[in-house]
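Taking it in order: structure first as structure tokens, then the write-up.
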Amino acid sequence: MKFASVVVDVPSRGTDRPFDYEIPEELADQVEVGCRVHVPFGSRIVQGYVVSLRPQPEVANVRPIREVIDLLPPLNEELVKLAEWMSKYYFSTRLAALEVMIPSALRARYDKILIPGSNVVEEGAYLLGEAERQLMEAVQRARTGLSLKKAEAIEGVTRSLIRKLIREKRLDVVERVRDKVAPKKVTWVKPAESVPLDEQMSRIPANAHKQRAIVQYFVKHPEPVMLSELLTALKATRSSVMRLVEAGILVCEIREQMRTPYHRRVVQDQPLPLTEEQDAALQAIVTRLESREAHTLLLHGVTGSGKTEVYLQAIDASLAQGREAIVLVPEISLTPQMVERFKARFGERVAVMHSGLSQGERYDEWRKVVNGAVQVVIGARSAVFAPFRNLGLIIVDEEHESSYKQDETPRYHARDVAVKRAAHFGAVTVLGSATPSVESYYRAKTGKMVYLPLKQRVQGRPFPDIHIVDMRHELDAGNRSMFSRKLTEALTACVERGEQAVLFLNRRGYSTFVLCRQCGANVECPHCDISLTYHRVNRTLRCHYCGFAQAVPDQCPHCGSDHIRYFGAGTQKVEQELAKRFPGLRIIRMDVDTTGRKGAHEKLLTAFREKKADVLLGTQMIAKGLDFPDVTLVGVIAADTVLNLPDFRAAERTFQLLTQVGGRAGRHARPGRVVIQTYNPEHYSIEMAANYAATAFYRKECQARMKKHYPPFCSLIAIKFSHPDQATVMKASQRITDALKQYLPREAEVLGPVRAPVFRARDRYRMQTMIKYKGGKDLSAAINRARETAEASFPAGDLRIVIDRDPYVLL
DNA sequence: AGCACGCCGACT
DNA sequence: GTCGGCGTGCTC
């Protein structure tokens, strides 16, 4: 194999195909599928991924590979094939699919560097402009060259000036490809081998107290120690150590250090005894593992049924076979407790990957997989790409969670990628959830995967009572507050007993919109077609779409009246209202506004666990997996907010939310209680969640989906168009939709184009076309053709087209 | 994406 | 006449 096909790191559709290169003899043993290389491309050197090896190139006159970047290839044949599939299935470029599989630290960064050119001119030989002189001086001064960015920052320096200087050969531009993160280097110190330490003491000046202390330390502990630790232990500074090094008494060595994010010592723990149900589920998984054929199982376990213990023991079984395991968890529930549970069971064999890690930490965890140091990975969405070579098991916990769907290209769904990877390895995929997606439930019930129910809670803890409160009756009874009498009473009783409550509201901010009572105008975002939300903390109006913020107007911008009213309720408003109605109540509010900073999330939860507050008030983020022993009341302020969204999954999401929220109450010894406030008490998603009627809900929802032609009875592909100009986006979307209707098979429904629910966002107008398809044909080619046809007639780069397979939110 | 090549307008 | 604008097309 003397040639390699390479996907080059040039992010455009036009270059999204492999280019062939010759493998020079001296690189023959290094070039393999999945490795990164530097190759000449046009007039420059770019990074690329080797995707296949071949005896002959597809074209004549190929150029040679310049360099192999990594010692160990970051990808392999399996992942390269997976990327090929992903790029087709999810309509992304091959490059984007390959890049999403490696830690961002390895993604190529290109620097343009200016260095002095060959044509050195005498000062004054030219009439130098001021900017020109400053630029040349800066370039002379910079030892390793001046980055283009810095050059352009100099007053008066323009691109054309730089270009002119390059043409005159007074400057030269070189491009440097660099990896952003290198393994962290740490200095260690140890005694020099040859001489006994106590003899050295006499050679140290009597007044050099620190040096003496350091040598004394090594007399006691002669083994190497990290310089930083030595310094803190002895309150010494670098200089005294270095003096000893110079004297030949100590020596330094540089070691590569892994940035282990969890330093806490974890106590090893043992498998717990299983209930009959848990054991049956485990056996079902183990049987499939032993078959060495790909299988998917749905573990439908009510909240508190002990799914995690089943996962842990299933992983044990996979490891016992000498195969690895991946555990996917929604970002939000990847808490230290969760991680510790896995560390306690598998110790050093686990790597953790989540967004809380620094780029370098992530890279280190990932490297543990590449070099075989770990066999288990637990992490969020992107951990599905952990480069194992002998996978036995992939677990997707909280399988229904929307965070498994990536909402940038490549718009993959980690659950579906997991199943695809498992197919390659003959591995087992376990989808776990208390509230499976309707799609997975349907597939399990129709035999496409194995259905494993866990109906009982461990230790037979009772389910909490769920009360539905019809808020219309509250209004009739003259209660105009956002707290029903029932919730007020329950909250009072709960706090009096010294117990805790969780209140849930699916909306942050203070008020949903601001309205003038004089003229009826409400305040909208200048960049988006959506009302601004009032945030009380800094008295601003904010757009939850684009982040725009402005001060609250004292007068209506329309009519000048000062009768401004705030409508609707966000978390901030509820917090204030609570404080007013329950003086002395201690409240912790959790939403993206209070958890913005890293670690804030965890801090607030810890405070609540330590009973520093009576009420935890929050959005979506508190509905998942949290487990507090003293919470006996859960209140849902408005169950309808999700239900009213224009989304075919609205009922499903409402059911899931209420069921999950209900699971937060009474997880321990004390009985729990749930109060759900709603204006739609008779809606089946609310009623059935309150009655724990999961089977009935799924049956009903499936019927509705069948009737309305929605997944799981067809697949969806959304095509989203946006453009700064309204007329253009309308024309373009119509053109492509016409082309789609022409190219797609008749049985594919093409709906649209329609305006997106928020027509304008971030100053761009948005249209959308939806394809519903029941058949088994591959529509990719036809869709791509339609896209190309239409793009050809709208050459301006301002038109953006996003194709989203299996979209989660239809906005 | 970059970059070269190439074809038309306002300056030494 | 030439410098330089950005449209078009190509990169193994």
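Lettering follows sequence order; numbering is per chain, from 1.
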| said: Classify A:P40 by what it touches in the nucleic acid, base, sugar-phosphate, or nothing, heavy-atom distance under 4.0 Å. | reply: sugar-phosphate
| request: State which of C:dT11, B:dA1, B:dC3 makes the closest approach to the side chain of A:S12. | output: B:dA1
| Do A:F19 and A:F41 pass the ring pair (Phe, Tyr, Trp, His ring centres under 6.0 Å) test, and can you show the C-alpha distance, the side-chain angles, and the key distance before you say yes or no? | CA-CA 9 Å; A:F19 290 83; A:F41 194 66; 4.9 Å; yes
| Just how far, in rounded Å, is C1' of C:dC12 from CD1 of A:I23? | 13 Å
| task | Determine the contact category for A:Y21: base if any of its heavy atoms lies under 4.0 Å from a base atom, sugar-phosphate if only primed atoms, P, OP1 or OP2 are that close, otherwise nothing. | result | sugar-phosphate
| field | Value in whole Å for how far the C1' atom of B:dC3 lies from CD1 of A:I45 | value | 14 Å
| Just checking A:T15: base, sugar-phosphate only, or nothing, at a heavy-atom cut-off of under 4.0 Å? | base
| query | CZ of A:R17 versus P of B:dA1: gap in Å, rounded? | reply | 16 Å
| said: For A:W366 and A:I102: C-alpha separation, side-chain torsions, deciding distance, then whether side-chain contact (heavy atoms from CB on, under 4.5 Å) applies. | reply: CA-CA 8 Å; A:W366 178 85; A:I102 58 169; 4.3 Å; yes
| So what does A:P57 touch, heavy atoms closer than 4.0 Å: a base, only the sugar-phosphate, or nothing? | nothing
| field | Between A:T769 and A:T737, a side-chain donor and acceptor under 3.5 Å | value | yes
| query | Which part of the nucleic acid, if any, lies within contact of A:V59, taking any heavy atom under 4.0 Å across all strands shown: a base, the sugar-phosphate backbone alone, or nothing? | reply | base
| task | Whole angstrom is fine here: how far is it from CG in A:D9 over to P in C:dC12? | result | 15 Å
| A:F19 CZ - B:dA1 P separation (whole Å) | 14 Å
| A:R44 has an atom CZ; how far is it from atom P of B:dG2, in whole Å? | 6 Å
| Are a donor atom and an acceptor atom from the side chains of A:S403 and A:E331 found within less than 3.5 Å of each other? | no
| request: Let me know the distance between CD of A:Q47 and P of B:dA1, rounded to the nearest Å. | output: 18 Å
| message | In this structure, how many angstroms lie between the P atom of B:dG2 and the CG atom of A:L95, rounded? | response | 12 Å
| field | Derivation of the salt bridge (charged side-chain N to carboxylate O under 4.0 Å, His left out) call for A:E365 and A:K368 | value | CA-CA 5 Å; A:E365 294 298 293; A:K368 290 182 194 166; 2.9 Å; yes
